[in-house]
Amino acid sequence: MQRILLQFDSDPLPSSFDRVVAIDAGVEQLFSYGGVTPHNVTPLVHGAIFTRAPGELRHTAIFIGGSDVAAGERLLEAVRQSFFGPLRVSVLCDPNGANTTAAAAVRAALRHLDPAQTTALILGGTGPVGQRAARLLVQLGARVRLASRSPARAAEACQRLRERVPGALVEPCESSPSACAGALPGVHLLIAAGAAGVQFLAEPQWRTGESLQVAIDLNAVPPAGLEGIGPGDKGVVRERVTCYGAIGVGGLKMKIHRAAVQRLFESNDQILDLEEVYALAGQLS
């Protein structure tokens, strides 16, 4: 029986990136749908779960993508609500690649750090990848400083994180160069997770952090989010700081993405969201 993956994308055109990864992961039939919303997704889900016997549903799965992460999360909930009894299929939720990218970044960082002894500063911390990296880190016992251009947004994101992870050690800060410099003392891990083409700090600015051990820049579009880190850096030590660039992290991100798609076809009852994707990353890295 062929492995069928239904790609639900909230954008008008389904992502070509996600389509390529699905094929490379061994999907035999890929049905891609754009413009999917919580209001029109149920018939698509029912078409997937009513066409094969319960014992055969592990051969069908759903991938939720799109550039809007909040829309992807709403789609995931609508898909869950469309299942009933044994009539369900496994689902991977990775809109904008946020879950796989955050998982890869945190796994890379923790090759060198003990999370319980780590203070992290995340620039672009209210974006989708920044928020998910923060969530993983506080769950693992790290302290996190969440930086945004808007102090109000940073404070709101920190409050949501505390509600989701009771006891989370997280505090907001501003991502202006001067504010970031003030937040660097005591930081062991620096992650730049901002929008493409946004440079947060020049190299002399982020290198002032005397406690800094690992720096990760997830921006693949020039200029670098952290000046001085090359896109291809993968564990490159530059003056005592271990550096990772977007491509250096991206290799693991792609490995996680493909493995997660493959995992979907092992059973028909899995929901692979952030924590599940991170657990899978731990088996790969």
Side-chain angles (χ1 to χ4, degrees), residues 9-11 15 17-18 64-76 93-109 120-139 142 144-165 168 170-177 179-180 183-184 187 189-201 206 214-227 229 231 244-250 252-253 256-257 273-275 277-278 281:
D9 199 308
S10 60
D11 295 336
S15 165
F17 180 101
D18 293 333
I64 296 175
S67 61
D68 187 330
V69 175
E73 292 174 337
R74 291 191 293 270
L75 263 180
L76 175 60
C93 185
D94 193 30
N96 208 30
N99 287 338
T100 49
T101 301
V106 172
R107 286 302 307 174
L121 172 60
I122 302 180
L123 309 177
T126 57
V129 175
Q131 289 191 58
R132 280 153 183 76
R135 188 165 115 199
L136 290 172
L137 286 166
V138 296
Q139 287 174 336
V144 174
R145 297 171 185 171
L146 202 65
S148 171
R149 289 174 294 180
S150 166
R153 286 188 64 196
E156 291 170 4
C158 287
Q159 182 57 35
R160 288 194 300 271
L161 192 51
R162 293 187 196 100
E163 292 169 357
R164 188 178 188 104
V165 185
V170 59
E171 59 181 310
C173 63
E174 188 183 349
S175 61
S176 66
C180 287
L184 273 172
V187 166
L189 169 62
L190 176 62
I191 298 177
V198 174
Q199 184 170 102
F200 290 101
L201 294 171
W206 62 266
V214 179
I216 298 176
D217 179 18
L218 297 175
N219 183 12
V221 178
L226 298 174
E227 185 187 37
I229 294 182
Y244 287 85
I247 296 173
V249 172
L252 178 56
K253 177 260 188 292
I256 295 167
H257 191 154
D273 205 353
L274 176 62
E275 285 74 17
V277 167
Y278 183 73

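Heavy atoms only: backbone and side chains are in, while hydrogens, waters and symmetry mates are out.
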Heavy atoms only: give me the nearest [X]-[Y] pair and the separation to one decimal.
X    : Y    : result
L146 : G125 : CD1-O, 3.3 Å
R149 : E174 : O-CG, 4.1 Å
A157 : T126 : CB-CG2, 3.9 Å
L252 : A104 : CD2-O, 3.7 Å

Compile the donor-acceptor pairs under 3.5 Å between side chains in residues 214-225 and protein atoms, sequence neighbours left out, one pair per line.
from, atom 1, to, atom 2, distance (Å)
D217, OD1, N219, N, 3.2
D217, OD1, G225, N, 3.3
D217, OD2, G225, N, 2.9
D217, OD2, L226, N, 3.4
N219, OD1, G197, N, 3.3
N219, OD1, V221, N, 3.0
N219, ND2, V221, O, 3.1
N219, ND2, P223, O, 3.0

Taking the side chain from [X] and the backbone from [Y], do they hold a donor-acceptor pair closer than 3.5 Å?
X    : Y    : value
N99  : D273 : no
R107 : Y278 : no
R153 : S148 : no
N96  : A98  : no
W206 : E227 : yes

As an exercise, state the distance from [atom1] of [X] to [atom2] of [Y], rounded to the nearest 0.5 Å.
X    : Y    : atom1 : atom2 : value
K253 : I247 : NZ    : CD1   : 14.0 Å
I122 : R145 : CD1   : CZ    : 12.0 Å
L274 : L136 : CG    : CG    : 4.0 Å
S67  : D11  : OG    : CG    : 3.5 Å
H257 : D18  : NE2   : CG    : 5.0 Å
R160 : Q131 : CZ    : CD    : 5.0 Å

Does the side-chain contact (heavy atoms from CB on, under 4.5 Å) test come out yes or no for L161 and R135, once each step is laid out? CA-CA 7 Å; L161 192 51; R135 188 165 115 199; 3.8 Å; yes

Do the non-hydrogen side-chain atoms of P95 and V69 ever get within less than 4.5 Å of each other? yes

Any Lys/Arg nitrogen of D94 or R132 sitting under 4.0 Å from an Asp/Glu carboxylate oxygen of the other? no

